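Keep in mind that what you see is a predicted model, and the values were worked out from it rather than measured.
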Amino acid sequence: MKLPKIYGFLTKDMDSIEKTLQKSIQAEHPVLRDASTALLKAGGKRIRPVFVLLSCHLGNYDFEKIQKVAVTLELIHMATLVHDDVIDEAELRRGKPTTASQYGNRIAMYTGDFILARALEEITKIKDPRIHTLLSKTLIEVSVGEIEQIEFKYQWNQNFRDYLRRIKRKTAVLIACSCKLGALVGGLSEQDANKLYRYGYNVGMSYQIIDDILDFTSTAKELGKPAGNDLLQGNITLPVLYAMENKELREQFTTLINSNQDIEPKAMQKLISSLKNTDAIKKSYAVSDLYLQKALKSLDGMQASRAKKSLQDIATFIGKRRS
């Protein structure tokens, strides 16, 4: 089953959100407009809006109101992608040229700022201080996470706690925020809203861990970027941490990546093969599974509904993702 089928009853609303996203990024300046539109057309799973809508569906669902939250979360995510690609000097995202590679770093940074400003403009239409407080705190966490990712590049002595804290801020908190914002707009109790926050956090942790696994197990065509790209950028992910428990392999990683030379594809492929010959991938999936079980447990006590079933099925789908 493909992911969109899990929440098929939201198709009409998701189509409306896509149109609103397109409308919201229109700018008077043609370069800003073209750069933002190209990013939107590059596609994406739109999983954050989905979590917003599903969480709201557990309460009183008002699409006109919740749509503003869903659009805001996706715009924030888009803005972070643009900024990430500048920092990482990435040429491709989802198999297409990044904003930075098309327009240069300076225009890319301002494009990201523009999209973020549009996001904040959308959310101000909702007059609930709890929503603005949560979103502000989340953006601070995301920013800290991005700084930490830069600081930890090529830091081979980092530990598992460093990695988990980093992906919490990089990915999990924004998904958790999406779920709780949907719950708050839907009028759920604080207790249930916190349950959904924990669900989103744990799903987000699992999602990022699997993304980091797929960086080694998927093809460049499937990834839309070179296999092992995270490692080439100096990002030490969970599979690498496990693989480096082997001293010989740790030496191979550090020697090749720290060589300050262009790494030949054959050399990178050999390194990836060495990693895959360890139990690093298996161990990483086991950690992902632990987070998924916690996510499913977080939904205990929530009233049975198609929205709850969709949340459960999404978690299961993420756990089985292999490409």
Are there more than 12 heavy atoms of other residues, nucleotides or ligands under 6.0 Å from atom [atom1] of [X]?
| X | atom1 | result |
| --- | --- | --- |
| Lys65 | NZ | no |
| Phe63 | CZ | yes |
| Gln155 | CD | yes |
| Lys153 | NZ | yes |

What's the spacing between [X] [atom1] and [Y] [atom2] if we round to 0.5 Å?
| X | Y | atom1 | atom2 | result |
| --- | --- | --- | --- | --- |
| Gln158 | Tyr163 | CD | OH | 10.0 Å |
| Lys195 | Lys297 | NZ | NZ | 10.0 Å |
| Gln149 | Ile147 | CD | CD1 | 10.5 Å |
| Thr237 | Phe216 | OG1 | CZ | 4.5 Å |
| Asp85 | Leu81 | CG | CG | 6.5 Å |
| Asp34 | Thr99 | CG | OG1 | 11.5 Å |

Quick one, [X] and [Y] - any side-chain contact, counting heavy atoms below 4.5 Å?
| X | Y | result |
| --- | --- | --- |
| Cys177 | Val173 | no |
| Arg130 | Glu190 | yes |
| Thr111 | Tyr103 | no |
| Leu53 | Asp13 | yes |
| Asn202 | Ser298 | yes |
| Ile314 | Tyr7 | yes |
| Ile17 | Glu74 | no |
| Gln252 | Ser274 | yes |

Going through the distances and angles, do Thr20 and Gln67 end up as a side-chain hydrogen bond (donor to acceptor under 3.5 Å, both in side chains)? CA-CA 9 Å; Thr20 304; Gln67 179 178 220; 2.8 Å; yes
Are the aromatic rings of His29 and Phe114 close, with centres under 6.0 Å apart? no
Less than 6.0 angstrom separating the ring centers of Tyr242 and Phe160, yes or no? yes
If you look at every heavy atom in [X] and [Y], which pair is closest and at what distance?
| X | Y | result |
| --- | --- | --- |
| Gly145 | Arg169 | CA-CB, 3.5 Å |
| Ala193 | Lys180 | O-CG, 3.8 Å |
| Leu58 | Ser305 | CD2-OG, 3.4 Å |
| Leu21 | Arg46 | CD1-NE, 4.0 Å |
| Leu188 | Ser55 | CD1-O, 4.3 Å |
| Cys179 | Gly200 | SG-CA, 3.8 Å |

Check the hydrophobic clustering (I, L, V, M, F, W, Y; side-chain heavy atoms under 4.5 Å; chains of links allowed) and say if [X] and [Y] are grouped together.
| X | Y | value |
| --- | --- | --- |
| Tyr61 | Tyr199 | yes |
| Ile107 | Leu39 | no |
| Leu238 | Leu164 | yes |
| Phe152 | Ile167 | no |
| Leu296 | Ile47 | no |

In plain terms, say whether [X] and [Y] are close enough for a salt bridge, that is, a side-chain N and a carboxylate O under 4.0 Å apart.
| X | Y | result |
| --- | --- | --- |
| Asp211 | Arg321 | yes |
| Asp313 | Lys309 | yes |
| Glu245 | Lys283 | yes |
| Asp279 | Lys282 | no |
| Arg166 | Glu148 | no |

Kindly determine whether Val142 and Lys170 satisfy side chain to side chain contact (heavy atoms under 4.5 Å, CB included), including the steps that lead there. CA-CA 6 Å; Val142 170; Lys170 173 184 170 69; over 6 Å; no
Which of Leu181, Ile175, Ile123 passes side-chain contact (heavy atoms from CB on, under 4.5 Å) with Leu73? It is Leu181
Tell me, with the steps shown, if Ser136 and Thr133 meet side-chain hydrogen bond (donor to acceptor under 3.5 Å, both in side chains). CA-CA 5 Å; Ser136 298; Thr133 298; over 6 Å; no
Verdict with supporting geometry, Lys68 and Glu122, salt bridge (charged side-chain N to carboxylate O under 4.0 Å, His left out): CA-CA 6 Å; Lys68 296 177 178 62; Glu122 282 292 326; over 6 Å; no
Could you tell me if Gln293 and Asp289 have a donor-acceptor pair between their side chains, going purely by distance under 3.5 Å?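 Per modelled atom types, Asp289 and Gln293 side chains form no pair under 3.5 Å.
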Judged by atom type as modelled, is there a donor-acceptor pair below 3.5 Å linking the side chain of Ser36 to the main-chain atoms of Arg33?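 Flag not set: sc Ser36 to bb Arg33 has no pair under 3.5 Å.
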With no hydrogens and no angle check, is any side-chain donor or acceptor of Ser218 less than 3.5 Å from a backbone partner on Asp215? no
Side chain to side chain contact (heavy atoms under 4.5 Å, CB included) evaluation trace for Val52 with His57: CA-CA 9 Å; Val52 171; His57 255 289; over 6 Å; no
